[in-house]
Amino acid sequence: MTDEVLVVAGAVLDGGRLLLAQRDRPAELAGLWELPGGKVEPGESPAQALVRELCEELDVSVSVGDSLAGVVRPKPGLTLVAMRATIVSGTVRAVEHRALRWVDADGLSELIQTGSMVPNDLAWARELMGELQVR
Ligand code: DCM
């Protein structure tokens, strides 16, 4: 179906910390934190889309690794997946987001508990918590 939307988000981990981005839009999500990413365009693989999106949103080049287990289907026609990504060049900056933040397990836990995560991203946030905690 042509109206199926696939969104790919990046789990950027570096030195035991996870990169989160604070949304600026739409109003109902503004201020909440997410794994940065966006829609897979026709003809792109999810990995290609993630490289493009993180270049546009964070101004860095990344290499894409494996997918996280969680697949989120918040409504018919919308599927979200997350893939691991490693920065290969550049320094992240918030091009499209309100702010960026590197969190450890405690920082992520606090954002989850205070309802500060984009709801769709909670599946991955909980999955990533485990990895941040074992370090
Ligand atoms: N989205 C999400 N979590 C993310 C990235 C995106 O829930 N980490 C959702 C928000 C929008 C859609 O995917 O409904 C498209 O994202 P964007 O507006 O960033 O292109």
Side-chain angles (χ1 to χ4, degrees):
M1 255 173 49
T2 52
D3 56 352
E4 285 286 325
V5 173
L6 176 62
V7 170
V8 60
V12 180
L13 288 155
D14 188 16
R17 291 179 175 230
L18 171 70
L19 180 67
L20 292 178
Q22 188 178 37
R23 290 193 67 104
D24 200 35
R25 63 177 174 83
E28 60 269 24
L29 296 178
L32 300 182
W33 295 84
E34 68 173 5
L35 303 187
K39 292 175 191 145
V40 179
E41 302 289 351
E44 279 183 332
S45 67
Q48 287 170 336
L50 188 57
V51 168
R52 176 183 51 73
E53 286 284 350
L54 297 190
C55 180
E56 291 170 0
E57 295 186 351
L58 308 176
D59 197 22
V60 291
S61 295
V62 299
S63 71
V64 177
D66 60 359
S67 300
L68 300 186
V71 175
V72 189
R73 291 195 176 83
K75 59 183 181 187
L78 177 62
T79 303
L80 295 94
V81 297
M83 301 181 80
R84 293 168 200 278
T86 306
I87 296 166
V88 292
S89 74
T91 303
V92 291
R93 67 184 181 92
V95 179
E96 296 179 5
H97 287 88
R98 195 175 280 185
L100 301 178
R101 190 177 157 180
W102 292 95
V103 293
D104 60 11
D106 288 345
L108 180 56
S109 174
E110 191 188 328
L111 290 175
I112 294 172
Q113 281 165 19
T114 55
S116 304
M117 294 292 300
V118 169
N120 289 334
D121 292 38
L122 285 173
W124 306 316
R126 295 214 182 86
E127 190 175 340
L128 291 162
M129 264 304 290
E131 294 191 27
L132 294 174
Q133 273 168 340
V134 296
R135 292 183 56 100

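For clarity, every value in this text was computed on a predicted model and none was experimentally measured. Numbers for residues simply follow the sequence, beginning at 1. Each ligand, and each atom within it, is numbered from 1 in the order the structure gives.
- Ligand-side atoms of ligand 1 in range of V118: 7 (O), range being under 4.0 angstrom from any heavy atom.
- Close approach of ligand 1 to R23 (heavy-atom distance below 4.0 Å) involves ligand atoms 6 (C), 10 (C), 16 (O), 17 (P), 18 (O), 19 (O).
- Judged purely by atom type and a 3.5 angstrom limit, R73 has no side-chain atom pairing as donor or acceptor with the backbone of K75.
- Ligand 1 has no N or O atom lying under 3.5 Å from any N or O atom of E57, backbone or side chain.
- Atom 4 (C) of ligand 1 is flagged as protein-proximal [any protein heavy atom, distance under 4.0 Å].
- Looking from atom 7 (O) of ligand 1 to the surrounding protein, the closest heavy atom is N120 ND2, 2.8 Å.
- Against a heavy-atom cut-off of under 4.0 Å, R25 is close to the following atoms of ligand 1: 18 (O).
- In this structure, the side chains of L68 and L128 come closer than 4.5 Å at one or more pairs of heavy atoms.
- Those atoms of ligand 1 with a heavy atom of E34 less than 4.0 angstrom away are 3 (N), 4 (C), 5 (C), 6 (C), 8 (N).
- Of all protein heavy atoms, the one closest to atom 14 (O) of ligand 1 is L78 CD2, 4.4 Å.
- Counting heavy atoms from C-beta outward, L35 and V118 have side chains that stay 4.5 Å or more apart.
- Between K39 and ligand 1, a contact under 3.5 Å exists for no N or O pair.
- Considering backbone and side-chain atoms together, V7 places no N or O closer than 3.5 Å to any N or O of ligand 1.
- Annotation: side chain of V12 is not in contact with side chain of V60 (no heavy-atom distance under 4.5 Å).
- Looking only at protein heavy atoms, the nearest one to atom 9 (C) of ligand 1 is L80 CD2, 4.0 Å.
- When only modelled atom types and interatomic distance are considered, T114 and E110 share no side-chain donor-acceptor pair under 3.5 Å.
- Of all atoms in ligand 1, listed by their number and element, those nearer than 4.0 Å to a heavy atom of L35 are 4 (C), 8 (N).
- Contact of the V103 side chain with the W33 side chain is not registered, since no non-hydrogen atoms from C-beta on lie closer than 4.5 Å.
- The backbone N or O of G31 lies less than 3.5 Å from a partner atom in the side chain of Q22, making a donor-acceptor pair.
- A 6.0 Å sphere centred on CD of E56 holds more than 12 heavy atoms belonging to other residues, nucleotides or ligands.
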